[in-house]
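One structure is given here, and the rest of the page talks about it.
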Amino acid sequence: MKDPVQRYVKGDLAVTFDPRVCTHSAVCVRGLYDVFDVAKRPWVNLDGASEERVVEQVKRCPSGALQVSLASARKP
Ligand code: SF4
């Protein structure tokens with residue numbers, strides 16, 4: 001069975017989205033429309049804002065469907 005978790009990567013930044021967890025609060029869309037736009041495919045565009053803004057917004061996701069990690073933090 002295909003893993004439903006979507007993964008978006010740009011440089012050091014990796015954002016994952018688990019649709020099974022999302023509660024459709026639209027906090028991400030309202031907070032950072034240039035990155036999170038459900039009318040587009042893919043709906044996550046990491047070119048739409050700075051890494052810092054993306055990280056800030058992902059941390060506001062109330063369900064935890066969005067998660068972020070930085071390559072620098074992933075290295076041992
Ligand atoms: S903020 Fe999180 S829970 Fe709300 S719509 Fe976005 S991904 Fe889903």
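Residue indices begin at 1 and follow the sequence shown. This structure is a prediction, so every number in the text was calculated from the model and none was measured. Note that ligands are numbered from 1 as they come in the structure, with each ligand's atoms numbered from 1 the same way.
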Testing the basics here: between [X] and [Y], what is the closest heavy-atom pair and its distance to 0.1 Å?
X   : Y   : value
G64 : V21 : C-CG1, 4.1 Å
C22 : S63 : CA-OG, 3.8 Å
L13 : V54 : CD2-CG1, 4.0 Å
V35 : G48 : CG2-C, 3.7 Å
G31 : R53 : O-NH2, 3.4 Å
V5  : R20 : CG2-NH2, 3.6 Å

Exercise for the section: Evaluate the criterion side-chain contact (heavy atoms from CB on, under 4.5 Å) for residue pair E51 and L70; output intermediate values, then yes/no. Expected result: CA-CA 9 Å; E51 186 176 292; L70 295 168; 3.4 Å; yes
Practice task
Mind checking whether F17 contacts ligand 1 via backbone (N, CA, C, O), side chain (CB onward), both or neither, at a 4.0 Å heavy-atom cut-off?
Solution key: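 The answer is the side chain of F17.
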Exercise for the section: Classify the contact between R60 and ligand 1 as side chain, backbone, both or neither, using a heavy-atom distance cut-off of under 4.0 Å. Expected result: neither
Need the ligand 1 atom indices (1-based, order shown) with element for anything under 4.0 Å from a heavy-atom of [X].
X   : result
H24 : 5 (S), 8 (Fe)
V27 : 1 (S), 4 (Fe)
T23 : 3 (S)
L66 : 7 (S)
P62 : 1 (S)

Exercise for the section: Look only at the side chain of Q57 and the backbone of V27, and say whether a donor-acceptor pair between them is shorter than 3.5 Å. Expected result: yes
Exercise for the section: Specify whether an N/O/S atom of C28 falls short of 2.8 Å from atom 6 (Fe) of ligand 1. Expected result: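 Checking atom 6 (Fe) of ligand 1 against C28, an N, O or S atom does fall under 2.8 Å.
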For [atom], find the nearest protein heavy atom and state the residue, atom name and distance (0.1 Å precision).
atom                    : result
atom 4 (Fe) of ligand 1 : S25 OG, 2.3 Å
atom 5 (S) of ligand 1  : A26 N, 3.3 Å
atom 2 (Fe) of ligand 1 : C61 SG, 2.3 Å

Practice task
Please find out if atom 8 (Fe) of ligand 1 and some N, O or S atom of C22 are separated by less than 2.8 Å.
Solution key: yes
Practice task
Measure the acute angle between the ring planes of F36 and W43, then classify it against the limits of 30° and 60° as parallel, tilted or perpendicular.
Solution key: tilted
Handout entry: N, O or S from S63 under 2.8 Å to atom 4 (Fe) of ligand 1
Key = no
